[in-house]
Engineer: 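Okay, here's the structure, questions in a sec.
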Amino acid sequence: MELPKVKSVTAVRKYLLHVVFMDNTKGDYDVSHLAGKGVFKSWDADDNFYKVFINAGSGTISWPGELDIDTINVYCAVNNIDVDSYLRQSYHAAY
């Protein structure tokens, strides 16, 4: 199964990302549900949230300090589909 690949990511405003995937799927993803929790507290220091980038090694949406979020969850949210359904569909397509 090939995971969705991120082409670009931009912080539109605090806790809102605009993501474009290699298949040209694009949309906004709200990460406010993570803000202030655990390692995500670092987003508030020195405007770190706006330092979002695509990790060259893993292809994940990342921030300084080895902080990242799950690409599949973002892809499914942007497409308004259930993660389990996406994984089942991708698995069956691969085999």
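These numbers were taken from a predicted model, which means no experiment stands behind them.
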Engineer: How long is the gap from NZ on K7 to OG1 on T25, to the nearest 0.5 Å?
Structural biologist: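 Atom-to-atom, K7:NZ and T25:OG1 are 10.0 Å apart.
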
Engineer: Of all the heavy-atom pairs spanning L67 and S42, show the shortest one and how long it is.
Structural biologist: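 For L67 versus S42, the nearest heavy atoms are CD2-OG, 3.5 Å.
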
Engineer: Parallel, tilted or perpendicular, judged at 30° and 60°: which one describes the rings of Y75 and Y86?
Structural biologist: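 Y75 and Y86: tilted rings.
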
Engineer: Could you walk me through whether K14 and D44 pass side chain to side chain contact (heavy atoms under 4.5 Å, CB included), step by step?
Structural biologist: CA-CA 9 Å; K14 194 78 169 217; D44 294 323; 3.3 Å; yes

Engineer: For N55 and D68, run side chain to side chain contact (heavy atoms under 4.5 Å, CB included): C-alpha distance rounded to whole Å, both residues' side-chain angles, the deciding distance at 0.1 Å, then the answer.
Structural biologist: CA-CA 9 Å; N55 182 298; D68 62 21; over 6 Å; no

Engineer: Kindly work out whether a path of hydrophobic side-chain contacts (I/L/V/M/F/W/Y, heavy atoms less than 4.5 Å apart) joins V12 to V20.
Structural biologist: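 Hydrophobic grouping puts V12 apart from V20.
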
Engineer: With hydrophobic residues grouped by side-chain heavy-atom distances under 4.5 Å, do L3 and I54 end up in a single group?
Structural biologist: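 Yes; tracing contacts between hydrophobic side chains, which count when under 4.5 Å, links both residues.
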
Engineer: Does any N or O in the side chain of S62 come within less than 3.5 Å of the main-chain N or O of T60, such that one atom is a donor and the other an acceptor?
Structural biologist: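 Side chain of S62 to backbone of T60: a pair is present.
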
Engineer: Starting at CG of D23, measure out to CG of N79 and round the result to the nearest 0.5 Å.
Structural biologist: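 Separation between the atoms: 7.0 Å.
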
Engineer: Just how far is it from atom CZ of R13 to atom CG of D30, taken to the nearest 0.5 Å?
Structural biologist: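 The CZ atom of R13 sits 6.5 Å away from the CG atom of D30.
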
Engineer: Report yes or no: do L17 and M22 belong to one cluster of Ile/Leu/Val/Met/Phe/Trp/Tyr joined by side chain heavy-atom distances under 4.5 Å?
Structural biologist: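 Each belongs to a different hydrophobic cluster.
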
Engineer: Take I61 and V74, measure what side chain to side chain contact (heavy atoms under 4.5 Å, CB included) needs, and give me the verdict at the end.
Structural biologist: CA-CA 9 Å; I61 298 169; V74 176; 4.1 Å; yes

Engineer: Should we count NZ of K26 as having more than 12 external heavy atoms under 6.0 Å?
Structural biologist: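 12 or below, so no.
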
Engineer: Is there a path of hydrophobic side-chain contacts, each under 4.5 Å between heavy atoms of I, L, V, M, F, W or Y residues, that connects F21 with L16?
Structural biologist: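 They do not share one cluster, since no chain of ILVMFWY contacts under 4.5 Å joins F21 to L16.
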
Engineer: With hydrophobic residues grouped by side-chain heavy-atom distances under 4.5 Å, do I81 and V83 end up in a single group?
Structural biologist: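 Result: yes, single cluster for both.
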
Engineer: Classify the ring geometry of Y15 against F49: parallel below 30°, tilted from 30° to 60°, perpendicular beyond 60°.
Structural biologist: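 Perpendicular.
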
Engineer: So I72 and P4, do their side chains get closer than 4.5 Å, heavy atoms only?
Structural biologist: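 P4 reaches I72 side chain to side chain.
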
Engineer: Where is the tightest heavy-atom contact between N73 and Y29, given as atom of each residue plus distance?
Structural biologist: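 So the two residues come closest at O-CE1, 4.3 Å.
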
Engineer: List the steps, then state whether side chain to side chain contact (heavy atoms under 4.5 Å, CB included) holds for D46 with K51.
Structural biologist: CA-CA 10 Å; D46 301 319; K51 297 175 185 174; 4.1 Å; yes

Engineer: Parallel, tilted or perpendicular: which fits the ring planes of W43 and F40, with parallel below 30° and perpendicular above 60°?
Structural biologist: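 Tilted: the ring planes of W43 and F40 meet at 30° to 60°.
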
